[in-house]
2 protein chains.
Amino acid sequence: MISKKAKYAIHALVKLAREREQGPILISEISQDGNIPKKFLEAILLDLKRAGILNSKKGKGGGYYLIKKPEDVNMAEVLRLFDGALALLPCVTHKYYERCEECVDEQTCGIRQVIQLVRDETVRILKNATLATILAMENKGIDLTR
Amino acid sequence: MISKKAKYAIHALVKLAREREQGPILISEISQDGNIPKKFLEAILLDLKRAGILNSKKGKGGGYYLIKKPEDVNMAEVLRLFDGALALLPCVTHKYYERCEECVDEQTCGIRQVIQLVRDETVRILKNATLATILAMENKGIDLTR
DNA sequence: ATAAAGTCTATCTGATTAATAGGGTAGTGG
DNA sequence: CCACTACCCTATTAATCAGATAGACTTTAT
């Protein structure tokens, strides 16, 4: 399961992408719109700013806005930012790699190979899922799951 | 990330499948073999017994043994048993379904659709990964990740 | 009977998640 | 230049869960 933090982040990003023509958007507006605790959201948006996805403007008429192009913000990046590795085991990640003590030979470990397959597919799908494709799906009412 | 409990469970199952011709295997042997805390492992094996995957025999010569065929025990089942839903969001699960408050229209929610895709692929791979296929991979030294 | 082995109940610690509070600081319009 | 707005920062908290441990109990083979 992804954390609420990541989920809130995605909702905020989708909103910011959808309304990116309208200038900076207030934290309080995003908060109300998405049922997200305001203070909690502040921290999330800050993280996204530090990650170079958003920027902010203070004072009257301020707020947050997207600086990356919607097609350049993918879900793999966002989930990694808030929840760390996407893989189900530390031994199949790059950045968060950790060896399993019980593993005699990592190269032939059957469990590891299965988890690796899952990870590869997950990353592939999440990298294809950008704010642009998400918006497109919502606009066109396409339902991929049917 | 999957819990240690699930990981321990898989390791124990693989061992029990590998050595299933040799009669019941002691908790303590599985424990030592896999660097798994014995008391912790006890609870895990009990869960697997209650789930109808293992059976046990008390007293001398006792221990745990597989009652399902290795090809009938898949990783989706095991992970669900210990970690609950495989999906990344509660709104795309069946058994653990929970609606997102912020979701206006679930049918067209772009985020949900992406997560649904990930879930479907994950389930597909994990259902194909049985104890039998894992053993086969280890025996033949096949490395799917290369 | 007795030793071997699984079963049950209870508890504990530490980490993490989610959230809240309250103030500090800095841009911006008038 | 000043007041307003809204971002920024620190600390704390409650709840939950993961992981692990302890000890007594029950069943079974010999």
Check your understanding: Across the strands shown, which category fits A:Leu45 at heavy-atom distances under 4.0 angstrom: base, sugar-phosphate, nothing?
Key ->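 Result for A:Leu45 = nothing.
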Exercise for review: Would you indicate what A:Gly61 reaches in the nucleic acid, counting non-hydrogen atoms under 4.0 angstrom: base, sugar-phosphate, or nothing?
Suggested key: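 A:Gly61: no heavy atom of the nucleic acid under 4.0 Å.
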Point to revise | Distance-only donor-acceptor test (3.5 Å): side chain A:Glu42, base D:dC8 | key: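 Answer is yes: a donor-acceptor pair is held.
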Check your understanding: Between the base of C:dG6 and the side chain of B:Lys38, is there any donor-acceptor pair under 3.5 Å?
Key ->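 Per atom types, no contact qualifies.
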Take the protein atom [atom1] of [X] and the nucleotide atom [atom2] of [N], then report the distance between them rounded to whole Å.
X: B:Met1; N: C:dT16; atom1: CE; atom2: C1'; result: 15 Å
X: A:Lys7; N: C:dT17; atom1: NZ; atom2: P; result: 16 Å
X: A:Leu16; N: D:dC7; atom1: CG; atom2: P; result: 11 Å
X: B:Lys39; N: C:dG6; atom1: NZ; atom2: P; result: 11 Å
X: B:Asp47; N: D:dA18; atom1: CG; atom2: P; result: 12 Å
X: B:Lys5; N: D:dA20; atom1: NZ; atom2: P; result: 11 Å
X: A:Leu41; N: C:dA18; atom1: CG; atom2: C1'; result: 14 Å
X: A:Phe82; N: C:dA18; atom1: CZ; atom2: P; result: 12 Å

Looking at the side chain of [X], which of [options] is the nearest nucleotide?
X: A:Tyr8; options: D:dC7, C:dA19, C:dC8; result: C:dA19
X: B:Phe40; options: D:dA20, C:dA19, D:dA24; result: D:dA20
X: B:Lys58; options: C:dA19, D:dC9, D:dT26; result: D:dT26
X: B:Lys4; options: C:dT7, D:dA20, C:dA19; result: D:dA20
X: B:Leu26; options: C:dA5, C:dT20, C:dC8; result: C:dA5

**Study point:** A:Arg50 vs D:dC7: side-chain N/O to OP1/OP2 distance below 4.0 Å
**Key:**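 No.
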Check your understanding: Under 4.0 Å: is that the gap between some side-chain N or O of A:Ser56 and OP1 or OP2 of C:dA26?
Key ->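 False: A:Ser56 side-chain N/O out of range (4.0 Å or more) of C:dA26 OP1/OP2.
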Exercise for review: Take A:Lys60 and A:Ser3, find for each the nucleotide of DNA chain C with the closest heavy atom, and name the residue whose nucleotide sits nearer the 5' end.
Suggested key: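 Checking each residue's closest nucleotide, the 5'-ward one belongs to A:Ser3.
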Review point. More 5' along DNA chain C: A:Lys57 or A:Ile2, using each one's nearest nucleotide?
Key: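 The residue whose closest nucleotide sits nearer the 5' end is A:Ile2.
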Review point. Do the non-hydrogen side-chain atoms of B:Leu66 and B:Leu54 ever get within less than 4.5 Å of each other?
Key: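 With C-beta onward as the side chain, the pair touches.
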**Study point:** Among A:Glu121, A:Glu77, A:Met75, A:Arg80, side chain to side chain contact (heavy atoms under 4.5 Å, CB included) partner for A:Leu126
**Key:**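 Between A:Leu126 and the candidates, side chain to side chain contact (heavy atoms under 4.5 Å, CB included) is satisfied uniquely by A:Met75.
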